[in-house]
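Numbers restart at 1 for each chain; the letters A, B, ... are given by sequence-line order, proteins then strands.
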Number of protein chains: 2
Amino acid sequence: MIDLYRSFVMMIVMPAPIIPREEVLDRLLAAFREHGYDGASISRLSEATGLGKASLYHHFKGGKQEMAEAVLIQSGSRFSSLVIAPLRGGGEPRRRLRAMTAGLSDFYARGQGSCLLELFGIGAAGERFRPRLKGAIHRFRNALAAVLGEAGLDQAEAASRAENAIIAIQGALVVGRATGDQSVFRRTLECLPDSLVGPGQQRVGPAEAK
Amino acid sequence: MIDLYRSFVMMIVMPAPIIPREEVLDRLLAAFREHGYDGASISRLSEATGLGKASLYHHFKGGKQEMAEAVLIQSGSRFSSLVIAPLRGGGEPRRRLRAMTAGLSDFYARGQGSCLLELFGIGAAGERFRPRLKGAIHRFRNALAAVLGEAGLDQAEAASRAENAIIAIQGALVVGRATGDQSVFRRTLECLPDSLVGPGQQRVGPAEAK
DNA sequence: GTCTATAAGCAGATAGAC
DNA sequence: GTCTATCTGCTTATAGAC
């Protein structure tokens, strides 16, 4: 009887928030970023989203794995619009590269958001999500190399520099997080455009066409 | 009575392996690398070392945290001898840089060993281990910058390039792990020496003296 | 679509025999 | 210094009311 009363009250005073799915995914991502995949327990994810555990399972029947997958899908499309799309847009190459770095800054919350490879590429999560992450890296690399090609670099050089840029971005996120210094990421982004289309062979390696 | 018998047999047929502490730490590190800090349960660590759970707690009274700390301390001293020491040794700067990259290749098992920042910089582990990781990065950066200074670069430029090198190394590990491509790490190491002491301003940023 | 309550099992950690 | 056995709490996941 008392249970009945409580349920009744709850339905009146808490009229089912129903926050949009996008918002739920944002909060899940935030929780994953803070605790890592393994460290983000269902309880924490429940807290982070404001949804009860059972509600989470209602939306993501596959449990935590499905939550992470949904988060990755959303992140992927956000990455596409913030980072890849500006690369594909018209205009001067260097200008497109600047648009890309601006998008990267947004996507990674100016360096505060840790790199997704770090979060979902390790341990239990790794096996499952690595193909998706690998695909994203590949798309990024190709889009970036295409711009560098338009800027006049030969194909091998463009591919090599694109790869190095991705390495620098991910490295800056990891190092910045470890040192608690956001400026590492900011500086890395600032130098990218000039470094990418600039003269000389920086970080040139025997690029393997893949 | 049957328990008594079993214990007796065990003491005879399994005469306390007593593997050296160094070996135990190596196996713990391997387990942490495979599963991440949170994902490496005591059961798994027990399996990995061949020691029973209670034995692990006998050696590391602080539990998993102390195991990780011991692993980090061992890794730190190994990093010092494999990577930092070659930088401090005499000889031509470029030669010392080559010795460093050789040491890095060893330390990271030619790219297979994931970066420790990734393993111990996230989630529950993060708060505890970040100071240690931060210190290691700092020492590495200083040792590297000193060599670049001897090679003729001014202080700001040396500091900037040293930082970029560390970023590239960590980034290559992360990207290489995500893509399952070890060659990323190898290529990055190969290019480092030339890229570090070479001409031109690559990846030059407003280096902040810290 | 949200909740409460609960199941089943694994986590980290300890007691105590030998 | 190793083990077996065990404890407590938290984990993922589900059942079922509303």
Notebook entry, point to check: Is the backbone N or O of G76(B) less than 3.5 Å from a side-chain atom of S80(B), with the two atoms forming a donor-acceptor pair by type?
Noted result: yes
Next item on the list: Only pairs at least two apart or in different chains count here, so list each salt bridge (Lys or Arg N to Asp or Glu O under 4.0 Å) that has a residue in residues 23-33 of chain B.
Entry: E23(B)-R27(B), D26(B)-R78(B)
Item checked: Whole angstrom value for the distance that separates C1' of dT14(D) from CG of L56(A) -> 14 Å
Margin query: For a quick check, with a 4.0 angstrom heavy-atom cut-off, what is the B/S/- contact string for nucleotides 8-14 of chain C, read 5' to 3'?
Written below: ---SSBB
Notebook entry, point to check: Taking only side-chain nitrogens and oxygens of S55(A), does any of them come within less than 4.0 Å of OP1 or OP2 of dG1(C)?
Noted result: no
Next item on the list: Indicate the ring-plane relationship of Y37(A) and F32(A), choosing parallel, tilted or perpendicular according to the 30° and 60° boundaries.
Entry: parallel
Notebook entry, point to check: Can you list every side-chain hydrogen bond (donor to acceptor under 3.5 Å, both in side chains) pair that touches residues 58-73 of chain B, not counting sequence neighbours?
Noted result: Q65(B)-R128(B), E69(B)-R128(B)
Next item on the list: Any chance you could lay out the salt bridge (charged side-chain N to carboxylate O under 4.0 Å, His left out) test for R44(A) and E34(A), step after step, and finish with the verdict?
Entry: CA-CA 10 Å; R44(A) 276 203 252 243; E34(A) 187 175 348; over 6 Å; no
Checklist line | Integer-rounded Å distance: dC10(D) C1' and E47(A) CD | finding: 14 Å
Notebook entry, point to check: Using a cut-off of less than 4.0 Å, is there contact between a side-chain N or O of H59(A) and OP1 or OP2 of dT2(C)?
Noted result: yes
Check: How far does CD of E118(A) sit from CG of L173(B), to the nearest 0.5 angstrom?
Finding: 12.0 Å
